[in-house]
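Notes follow once the structure below has been shown.
Since the model is a prediction, treat every value here as computed from it, not as a measurement. Note on naming: letters A, B, ... go to the chains in the order of the sequence lines (proteins, then strands), and numbering restarts at 1 for each one.
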Amino acid sequence: MNRFEFIETSLKRNIAVIELNRPRQLNSLNRKMVNEIVVAMEEFDRDENVRVIVLTGKGRSFSAGADIDEMMDDNPVSLEQLNQFADWDRFALIKKPILGAVKGFVFGGGFELALCCDLLIASIGTEFSFPEVGLGVMPGAGGTQRLTKLVGRTKALEWLWTGERISAETALKHGVINKIVAPELLMEETMKLAERLANQPLLSVRLIKDSVNKAVDYPLYEGMQYERKNFYLLFASQDQKEGMNAFVEKRKPNYKGK
Amino acid sequence: MFETIRYDVKDGIAWLYLNRPDKLNAFIAQMNREVKDAIKAATFDEQVRCIVISGEGRAFCSGQDLAEVDENMDHGQVLRDHYGPMIKQIRQCEKPIVAAVNGVAAGAGFSLALACDFRIVSERASFLNAFIHVGLIPDSGNLYYLTKLVGHAKALELSILGEKVSATDAVALGLANRLIPLDLWDEEVSAFAANLSTLPTKAIGLIKRSLKFATELTFEDYLEQEAQAQRIAGLTIDHREGIHAFMEKRKPVFSGQ
C-alpha cells in the first residue's frame, strides 16, 4: 500500500527507489511532496535492508520545478513562519548514497532536488535550468549554494542570471552530472550503478560520503583531520579485516557491512 | 491547420509538401514554424514510420523569401529564432526522413535537403549554395552536413563558387542517394518511402543516434553508447521477428516496435 500521496516507493534487493508521482504536472514539487520525499529517504536511511537510495520521476520529466500556485500569495512573514525549507536541510543528513536518475525537464526546485543527490545519471536530451529569475525571484532551496559549490561562481552566476537551459552535455562537462545514457535504459543503467555501490563495503561507502561532504564545507586542514578519524574508524570494522585478508590471500572478499 | 505546407499521413508515411509554389516554396518564418511543427507531429505519431519532404510545383525550395528580408534585420537572430529550431527538430527525429527533391533546392532549401537522411532526386532537381551570391554564408546547418557528405574541398567549392549541381552530378558526388526518371517520379518516391516504412523503425532510429555519436564522442564513449543502443535494439519485437523469420526461412514482417 502506498501511504504517500505524491511519491511512490519500492525496495528491491537492497536498493530503495523513490519516484516522484505527479507526471501530469511534470512532477512539479509542492510542499507536501518535498516532505514525503525527505521522510521516505530518512526511513530508508534507517532501514538495514537498504544500501542505496534511487530518486527518479514518473513520466517524461524528472521535475519541472516548484508548484507556483502554492506560493503565489505568500509574504515574508508567512514564509518565515512556515519554514518550508527546513525539510530541504534534512536531505544533507542522509548517510546512504543517493542516486538521481533524471530526464526531460529538471527545472527550478526540480534542479535543486537533483542537486541533493550524490550521483546523477541523465537521459539523452535532459535539460537543466534555474528559471526563477524570470519570475522575479531566485532559488530558495539551495540552488545558489549547491550549484556554486559544484560548478564555481562564474558558471553559476551565468546560469542563475539568464535562466537559460543547460543541456545534458554541458551539465556533464561542468561536473553537474556523472553520465548520460539512452532514455530507454535510464533505469536499467541507474540500477546497475546502484547495485555496484550496494555491493561495496557499506561502512566505507558511508564514511567516504561523510568525508567528501566535509571537503565541500571545511578548510583543507580541518577536512584532513576529519578524514583521518574516519579512516581510523574503519579499522574497527569487520569488513576492513575481511578486505585486507582477502587481498593478501588473493581471494574475493565477502563483506558483511559491519 | 497548416498554410504554407501540406501534411498528410498515409500508410505509415508522413508526406510534408512545401506549399508556396508561386514563390518556388521560399521560406518565410511561418513556413519554418510549420515545417518544425509537422516534423514534431510526425515524430510523436506512432503511425508514422517514414517522413518525406518534397515541394509543390516545379521547385523543391528556393531558400529564404527575399521579400521578407530587410536591411535592418539581424541575420543571426533569424537563424536562432526560425531556421535553427526547424533544423534541430529534424535532427532530433529518430524516424527516417527523405528529401524527395523534385526541383531546385537553393540556399536554405539546399540546407533543408541536407538535414534529411536521404536525398532522392528527379532529373529536374538541382542543388545550389546560393548564399555567396548575396554575400552570405551557407546557413541552417548547411556546412555541417555538407562537409560530411562531400568532404572539405568540395563543400568549399560548392559554397564559394556557388555553382549549380545537376541531379546527375549530385549522385556522383554522393549528395544524392538515387536519381529517378521524371516519368517514374511519383511511383518510385512512394516505393522508396514504403520500403523505409516497413523496416525495423526502432533500429533505424538507433542507427541515426549512433551515427551522431560517431562524430561527437571519443571512441571509448562511443563504444559505451553503442552497447546501450544494441541493448535497446535487442529488446525490440522487430529483432525477435527478424530472428524467427530467419529460422523459419521466411520474410520478416517488422512492426516498428
Side-chain angles (χ1 to χ4, degrees), chain A residues 23-24 26 54 56 58-62 64 99-106 119-129 131 134 158-159 162-197, chain B residues 36 39-41 43-46 76-77 79-81 84-85 87-95 141 144 200-240 255-257:
Chain A
R24 254 177 294 168
L26 300 177
V54 170
T56 189
K58 283 192 186 289
R60 276 173 41 186
S61 279
F62 175 70
L99 243 70
V102 299
K103 56 194 163 178
F105 299 147
V106 185
L119 303 180
L120 284 174
I121 299 186
S123 279
I124 295 170
T126 304
E127 291 184 298
F128 301 83
S129 156
E158 178 189 327
W159 290 343
T162 61
E164 75 184 63
R165 292 192 187 181
I166 302 148
S167 69
E169 288 76 17
T170 304
L172 182 67
K173 206 167 72 189
H174 290 278
V176 177
I177 60 173
N178 295 82
K179 65 175 177 175
I180 303 173
V181 301
E184 297 91 333
L185 299 181
L186 177 63
M187 282 323 283
E188 185 172 310
E189 290 292 319
T190 303
M191 294 311 271
K192 254 194 241 170
L193 181 59
E195 269 166 42
R196 198 169 155 192
L197 296 182
Chain B
K36 185 188 82 154
I39 296 290
K40 190 171 183 181
T43 302
F44 288 103
D45 185 342
E46 282 177 19
Q77 208 52 43
L79 293 179
R80 290 186 195 102
D81 292 346
I87 296 292
K88 274 191 217 165
Q89 192 75 56
I90 293 172
R91 188 164 171 82
Q92 278 166 15
C93 177
E94 295 205 328
K95 293 171 182 175
Y144 187 91
T201 311
K202 187 70 193 174
I204 291 178
L206 292 164
I207 289 170
K208 290 180 62 168
R209 198 188 292 180
S210 299
L211 274 168
K212 278 190 251 170
F213 284 134
T215 57
E216 289 168 3
L217 298 180
T218 63
F219 188 58
E220 294 279 312
D221 290 345
Y222 173 79
L223 288 182
E224 171 52 31
Q225 291 294 342
E226 177 193 86
Q228 288 180 25
Q230 196 70 298
R231 163 72 176 149
I232 298 162
L235 291 169
T236 59
I237 295 168
D238 282 347
H239 167 58
R240 260 182 288 156
S255 62
Q257 299 298 305

Under 4.5 Å from any heavy atom of chain B, what part of A:Glu188 do you find: side chain, backbone, both or neither?
side chain
Checking B:Gln225 against chain A: side chain, backbone, both or neither under 4.5 Å from a heavy atom?
side chain
Heavy-atom distances under 4.5 Å only: say whether B:Glu224 touches chain A with side chain, backbone, both or neither.
side chain
Is the shortest distance from a Lys or Arg side-chain nitrogen in B:Arg231 or A:Glu189 to a carboxylate oxygen in the other one below 4.0 Å?
no
Please report the closest heavy-atom contact between B:Ala229 and B:Ser210, naming both atoms and the distance.
CB-OG, 3.9 Å
Check the pair A:Glu164 / A:Glu158 against side chain to side chain contact (heavy atoms under 4.5 Å, CB included), numbers first and verdict last.
CA-CA 9 Å; A:Glu164 75 184 63; A:Glu158 178 189 327; 3.7 Å; yes
I'd like to check B:Lys202 versus B:Ile237 (side-chain heavy atoms, cut-off strictly below 4.5 Å). Are they in contact?
no
